[in-house]
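Everything below concerns the one structure shown next.
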Amino acid sequence: MSLQLLLGPRSGAQAAWGGVLHGFVERAAMNHAPELLPLLRPGGRQAPAHFAVLPPPVTDGPQAESADEDDPEPLDFGIVLFGALAEQADELAQALRMQCASRLHGRLARLGEVRVIDAPSHLPALAVEPASAIRLHRLELRAPLLLASGSATHAGWRQYRHLPWPSLGSVLESIAARLRVLAPTQAAQLGLDALPARLRWRAAPAQWQIEPLTPASRPAREIVLPYQTREHHLAPSGLIGTLIYPSHHPEQEAALLYWGQWVGVGQKTTMGFGSYAWIPS
């Protein structure tokens with residue numbers, strides 16, 4: 001779903017839109033379409049949610065202001081729906097319209113244009129053909145990437161004073177795990193759904209050893225996006241910028257990294273984390 005909110009005048013600090021929009025979606029379903037709640041998280045609170053928010057890309061520098069402070073400020077964003085929830089896009093859109101009666105981050109809000117865009121069912125033609133010719137995978141992080149266990153995060157802080165940069169293997173396995181749950185058809189096409197679990201696809205040891213490079217023009221760096229709910233004050237952090245990985249098994253990696261643009265990678269995807277654009281070369 002591609003959506004646009006029209007927002008009233010801002011008061012206070014710029015919002016961390018990923019967290020705000022995540023709450024907006026869940027409250028809309030809770031208040032106006034409770035029958036959608038089991039579809040949002042069919043596996044329970046600890047399983048991957050069947051929706052992901054795509055907030056405006058994180059950019060450096062001040063945000064553009066409206067030409068006239070009385071003009072509504074447009075906020076373009078997306079919501080990716082998986083499984084049975086994808087068939088309820090119109091119902092969810094109506095719930096979001098009704099939820100706009102409540103303020104969004106303290107601002108008046110009105111839902112404008114809504115477009116439903118179907119995801120492709122097969123891997124399309126790639127910018128580099130054949131895929132075996134791919135030498136580099138460039139990930140332009142549209143939103144913060146958080147892909148590390150608690151112990152790895154602490155170790156990274158002790159050694160480098162920032163979040164650890166994920167290896168190619170960890171990126172690929174995160175995408176594979178999300179595909180199995182959120183897009184089982186694509187997972188089956190890629191041979192990722194073998195049972196029992198011990199026989200499932202795993203990244204090769206060499207892929208786990210591939211660490212990313214980052215260009216000087218758009219270097220990877222850590223940011224913190226504070227987000228406050230009625231009960232908690234959260235401060236999740238993640239990497240933005242560009243990560244570049246040398247290829248190892250380019251055809252396999254190309255398929256996973258392509259579909260990862262739809263299902264996301266890493267943690268906190270419902271809050272807008274883990275969205276990227278994949279550019280092979």
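Because the structure is a prediction, the values reported are computed rather than measured.
Within the structure, the salt bridge (charged side-chain N to carboxylate O under 4.0 Å, His left out) test picks out no pair touching residues 253-276 (sequence neighbours left out). Sorted by first and then second residue, the side chain to side chain donor-acceptor pair (under 3.5 Å) pairs involving residues 270-281 (not counting sequence neighbours) are H137-W278, R142-S275.
Between E173 and R200 no salt bridge is recorded (no basic side-chain N to carboxylate O distance below 4.0 Å).
Using modelled atom types and a 3.5 Å distance limit, the side chains of T269 and R178 yield a donor-acceptor pair. With no hydrogens or angles considered, no side-chain donor-acceptor pair links Q88 and Q94 at under 3.5 Å. Between the side chains of E222 and S237, at least one donor N or O lies within less than 3.5 Å of an accepting N or O.
The one candidate from L139, L145, L172, L146 that meets the side-chain contact (heavy atoms from CB on, under 4.5 Å) condition with P166 is L145.
Between A109 and L7, the shortest heavy-atom contact is CB-CD2, 3.8 Å. Minimum interatomic distance between G266 and S174 (heavy atoms only, all atoms of both residues): N-OG, 2.9 Å. Taking each heavy atom of A49 and L182 in turn, the nearest pair found is O-CD2, 3.4 Å.
Take R180 and apply the salt bridge (Lys or Arg N to Asp or Glu O under 4.0 Å) test, not counting sequence neighbours, and it matches no residue.
We find the CG-CZ distance between L75 and R107 to be 8.0 Å, quoted to the nearest 0.5 Å.
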